[in-house]
Participant: 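Here it is, the structure in full.
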Amino acid sequence: MARSPRRWPPPSSPAFWRSPLRGPWFTSVLGVVLLAGITVLFVTGLLSYAAYNPDLSPVNDKTPGKGILGFYLFAWPTDPYWLYRLNQGVHVTLGITLVPVLLAKLWSVVPRLFQIPPARSLAHALERLSLLLLVGGALFEFVTGVLNIQLDYVFPGSFYPLHFYGAWVFFAAFLAHVVLRAPTAVRNLRRLRGSEGASAPPPGSPGSPGSPGSPSSPPPVSPPVSAAEPSLVSPNPVEPTVSRRGALGMVGGGSLLLFATTVGQNFDGPLRATALLAPHGGAEPGSGPAGFQINKTAASRGIIATETSEEAWRLAVTGPGGSVRLSRAELLRLPLHSSALPIACVEGWSTSDQWWRGVRLRDLAALVGYETDAAPDVLVESLQRRGAFRRAALRANQVRDPRSLLALDVNGEPLTPDHGYPARVIAPAVPGVLNTKWVARMTFGEL
């Protein structure tokens, strides 16, 4: 007699999900880690956005119409000078490190995405909606963030508004989910802290499936929190091959591996070569004074040697006192100053301090009618013809800082074309894209 094919239960049935690892303790531990980590990511992301001074000038603002979402914006400080380097290094490195935790968390709760009925009450409906926005928002933010640091702009539109608005949608859902789920998570951790070891014994140990004297199926574990909330524990689990603590160790090991292959992008020298997952994690770009990382090459931005030559290039400086045009030789005859400053990029990479020499921005403002201590905002325009931030604005506090320079040399040598020859801006604590290279024009005054 022909045997009828075995019928598998649908995903909406608890019997469909047979992993013995799922359970309230496992999910709650991952949730606590994400609660702390995602909060740090959100705060450092907002600070990174504020560092662009988007409310200063439309050329800096890639998210027009942000409205109330820009409530926290403030004049970005210049001290400590490594502020943006630290902030963005933490944001990017932590984001990559949390990827295994996020994936494990999504895997641990996937049965709840298939629950029927979808909503049993208004409170449950709100929780389900927050879960939908939370999962979608988390995947969107992490995917766009990882693509951005890899310089793979395959998503439609600009990264800045997509990531900014996506972050607010995600974090609103995240807060709602935390409010709705926090009491249950805390209760699960307290109740299961001492009994977790018995919930998924390793094979061959007393009480494990298949061990002498054990039942054919594992003993039941902690009951659901309430009758209204189905348990994540499978009613018919398969034989476990690892404990839940072992699974957490694997997740932690994956995070540690990602951390080790990312964090090196924040350093120069041999450590940068360990940043295998970062776009700037390879060998140093040459050696000597110019042997430190760059993001945009002269060739990639259409800069040609004839327009940056001593004969052709002139810097136009404009203010209420008129305009002046200065050659590189004339700039070198002005009072020159030095600053030790890093370059830090939104993708998370940064350099160590480099020694820059050039003319202070506030001294250039004085050439066109401003008192040195009353230098205003400035609009800086580059020779580059394509790419974002061909024009960028700096606030008055950044212009007045004595470390802010129109740099002509770096580490004792003239700038190279890829580092911005014949002149570039360098200022403390600003994102790398605001340190405009191949400067052609500077306009001082209200923007």
Side-chain angles (χ1 to χ4, degrees), residues 3-34 99-120 124 127-128 131-132 134-135 138-139 177 180-255:
R3 300 176 64 182
S4 60
R6 182 176 180 180
R7 298 184 61 185
W8 294 96
S12 58
S13 170
F16 180 86
W17 309 96
R18 302 190 63 195
S19 172
L21 297 181
R22 287 191 181 93
W25 182 85
F26 187 72
T27 298
S28 297
V29 170
L30 295 172
V32 169
V33 174
L34 286 176
V99 167
V101 184
L102 174 68
L103 294 178
K105 171 69 173 179
L106 294 179
W107 173 85
S108 73
V109 298
V110 70
R112 285 184 174 154
L113 299 179
F114 295 89
Q115 285 180 9
I116 295 178
R120 298 183 300 272
H124 188 244
E127 181 190 336
R128 298 282 286 173
L131 184 62
L132 177 64
L134 185 66
V135 172
L139 293 175
H177 193 72
L180 292 168
R181 299 294 304 169
T184 300
V186 171
R187 187 162 55 246
N188 288 338
L189 287 174
R190 287 177 176 174
R191 294 178 60 189
L192 300 174
R193 182 182 303 168
S195 59
E196 171 56 22
S199 63
S205 62
S208 66
S211 63
S214 67
S216 58
S217 61
V221 294
S222 300
V225 173
S226 69
E229 180 182 327
S231 174
L232 289 171
V233 178
S234 173
N236 185 29
V238 297
E239 181 177 344
T241 58
V242 65
S243 69
R244 288 175 183 156
R245 285 193 174 91
L248 286 177
M250 293 176 62
V251 173
S255 291

Participant: Is any side-chain heavy atom of P237 closer than 4.5 Å to one of L21?
Facilitator: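 No. Closest side-chain heavy atoms not under 4.5 Å.
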
Participant: With a 4.5 Å cut-off on side-chain heavy atoms, are W25 and L248 touching?
Facilitator: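 The answer is yes; the side chains approach within 4.5 Å.
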
Participant: I need the minimum non-hydrogen distance between S108 and L30, along with the two atoms involved.
Facilitator: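 Of all heavy-atom pairs spanning S108 and L30, the closest is OG-CD1, 4.3 Å.
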
Participant: Tell me, do T27 and K105 make a side-chain contact under 4.5 Å, heavy atoms counted?
Facilitator: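 T27 vs K105: side chains touch.
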
Participant: For the residue pair V233 and P24, what are the closest heavy atoms and their distance?
Facilitator: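 Residues V233 and P24, closest heavy atoms: CG2-CD, 3.9 Å.
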
Participant: Which heavy atom of R244 sits nearest a heavy atom of R22, and at what distance?
Facilitator: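 The pair with the smallest heavy-atom distance is NH2-O, 2.7 Å.
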
Participant: Where is the tightest heavy-atom contact between V101 and S255, given as atom of each residue plus distance?
Facilitator: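 Closest approach of V101 to S255: CG2-OG, 3.5 Å.
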
Participant: Run the numbers on V251 and V33 for side-chain contact (heavy atoms from CB on, under 4.5 Å), then give the verdict.
Facilitator: CA-CA 11 Å; V251 173; V33 174; over 6 Å; no

Participant: Any cation-pi pair here, R112 with W17, using under 6.0 Å and within 45°?
Facilitator: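 Negative - R112 is either too far from the ring of W17 or too far off its axis.
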
